[in-house]
Amino acid sequence: LLFGSAMLVAGRREARLPPMRTAEYFGTWCGLTLIGCFGAMLYFGWIYWFQDVPRAGNLAALVFAVPLFAAAVAALGMLLGALFDRADRPLQILIPTSIILFFLAGAAWPLSAMPGWLAALAHLSPATLGAQTFVRLNEMGASLREVAPLLAGLAALATLYGIAGYVRTTRGLSAPPSPRPEPQPGSPRG
């Protein structure tokens, strides 16, 4: 979802489309959030069942938590996409950094064992709060009250990245991309 939403917005810049209107921005954000929700339904629903992953899930809480997580990821992707000049740039930057985000999520190495500044920095990624929330809801059957601080963090990230992405994509603050150089006759690409 992060890669796709970043590529979508960067592709708009590459095509030199005008800045998004307010309704267009929020419609795109909602559409991307819905795609993220469907992906989570597949993952937490059918795939967990098919693979027989042990779970003591709180389905009602997941219905509340998944849209917050998807909205935060989509907003971050739209914001990042507004920083790139071409549709392929987000992949070039985000793929190599995705392993860092995985480790910062606390799935492979606990956040409590990380230096304090690094654990605090990790909370700027929706993946960190999302992983912590979904482990508690899916594996431990936690209640909404028990994950409320994590959900509040996801809501704050969705709001922060949503506002920043809105300003960046609707106000035209991003410089138009530089034109691609045309291949010259006789050059390897020409």
Side-chain angles (χ1 to χ4, degrees), residues 1-17 19-20 24-44 47 65-111 114-115 117-135 150-151 153-181:
L1 182 60
L2 181 70
F3 294 177
S5 50
M7 288 178 63
L8 176 74
V9 174
R12 288 181 51 85
R13 289 195 62 215
E14 183 177 20
R16 297 179 180 264
L17 296 175
M20 288 183 174
E24 187 178 9
Y25 175 81
F26 285 106
T28 302
W29 187 13
C30 288
L32 291 167
T33 299
L34 187 61
I35 291 169
C37 290
F38 285 143
M41 286 172 38
L42 173 70
Y43 186 75
F44 295 135
I47 291 176
V66 164
L68 285 176
F69 174 71
V73 172
L76 178 58
M78 291 177 74
L79 172 61
L80 291 174
L83 302 175
F84 295 109
D85 62 342
R86 293 192 351 223
D88 58 344
R89 295 262 192 244
L91 288 181
Q92 294 170 345
I93 302 298
L94 295 175
I95 286 177
T97 60
S98 62
I99 191 69
I100 297 167
L101 293 175
F102 172 75
F103 281 106
L104 287 177
W109 189 264
L111 288 172
M114 292 181 191
W117 66 270
L118 189 58
L121 184 67
H123 283 85
L124 293 176
S125 168
T128 301
L129 295 170
Q132 301 299 316
T133 301
F134 296 136
V135 164
L150 297 168
L151 295 177
L154 283 172
L157 287 180
T159 302
L160 174 72
Y161 295 141
I163 291 170
Y166 173 80
V167 169
R168 184 80 180 177
T169 58
T170 61
R171 302 288 188 231
L173 297 177
S174 54
S178 57
R180 289 189 187 193

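Owing to the predicted nature of the structure, the values given are computational and were not obtained by experimental measurement. Scope of the values below: all heavy atoms of this structure, side chains included, with no hydrogens, waters or symmetry mates.
With sequence neighbours excluded, the residues satisfying side-chain contact (heavy atoms from CB on, under 4.5 Å) with Pro110 are Ser112, Ala113. Annotation: side-chain hydrogen bond (donor to acceptor under 3.5 Å, both in side chains) contacts of Arg12 (sequence neighbours excluded): Glu24. A search for side-chain contact (heavy atoms from CB on, under 4.5 Å) contacts involving Ala40 returns Phe44, Val66, not counting sequence neighbours. In this structure, the side-chain contact (heavy atoms from CB on, under 4.5 Å) partners of Ile100, at least two apart in sequence or on a different chain, are Leu104. Checked against side-chain hydrogen bond (donor to acceptor under 3.5 Å, both in side chains), Tyr25 has no partners two or more places apart in sequence or in another chain. Listed by chain and residue number, Tyr48 satisfy the ring pair (Phe, Tyr, Trp, His ring centres under 6.0 Å) test with Tyr43 (two or more places apart in sequence, or in another chain). For Phe26, the side-chain contact (heavy atoms from CB on, under 4.5 Å) test picks out Thr22, Trp29, Tyr166, with sequence neighbours left out.
Atoms CG and CZ, on Leu42 and Phe38 in that order, are 11.5 Å from each other to the nearest 0.5 Å. With rounding to the nearest 0.5 angstrom, the OG1 atom of Thr33 is 7.0 Å from the CG atom of Leu1. To the nearest 0.5 Å, the span separating CG on Leu150 from OG1 on Thr133 amounts to 4.0 Å. Atoms CG and CE, from Leu2 and Met7 in turn, are 11.5 Å apart once rounded to the nearest 0.5 Å. Taking CG of Leu32 as the start and SG of Cys37 as the end, the distance is 11.0 Å to the nearest 0.5 Å. Atom CG of Leu124 sits about 9.0 Å away from atom CG of Leu129, to the nearest 0.5 Å.
Contact detail for Thr128 and Ala105: the closest heavy-atom pair is OG1-CA, 3.6 Å. Closest approach of Leu79 to Arg168, counting heavy atoms only: CD1-CB, 4.3 Å. Considering every non-hydrogen atom in both Ala87 and Ala10, the closest pair reads CA-CB, 3.9 Å. Listed here is the closest heavy atom pair of Val73 and Pro126: CG2-CB, 3.8 Å. The two residues Met78 and Ser5 come nearest to each other via the heavy atoms N-OG, 4.0 Å. Ala158 approaches Ala75 most closely through the heavy-atom pair O-CB, 4.0 Å.
Applying side chain to side chain contact (heavy atoms under 4.5 Å, CB included) to Ser125 and the options Leu157, Leu101, Leu76 leaves one that passes, Leu101.
Side chains of Gln132 and Leu111 form a contact here, defined as non-hydrogen atoms less than 4.5 Å apart.
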Step by step, would you call Asp85 with Glu14 a side chain to side chain contact (heavy atoms under 4.5 Å, CB included)? CA-CA 6 Å; Asp85 62 342; Glu14 183 177 20; over 6 Å; no
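The ring-ring contact (aromatic ring centres under 6.0 Å, His included) contacts involving residues 66-85 comprise Phe69-Phe134, where partners must be two or more places apart or lie in separate chains.
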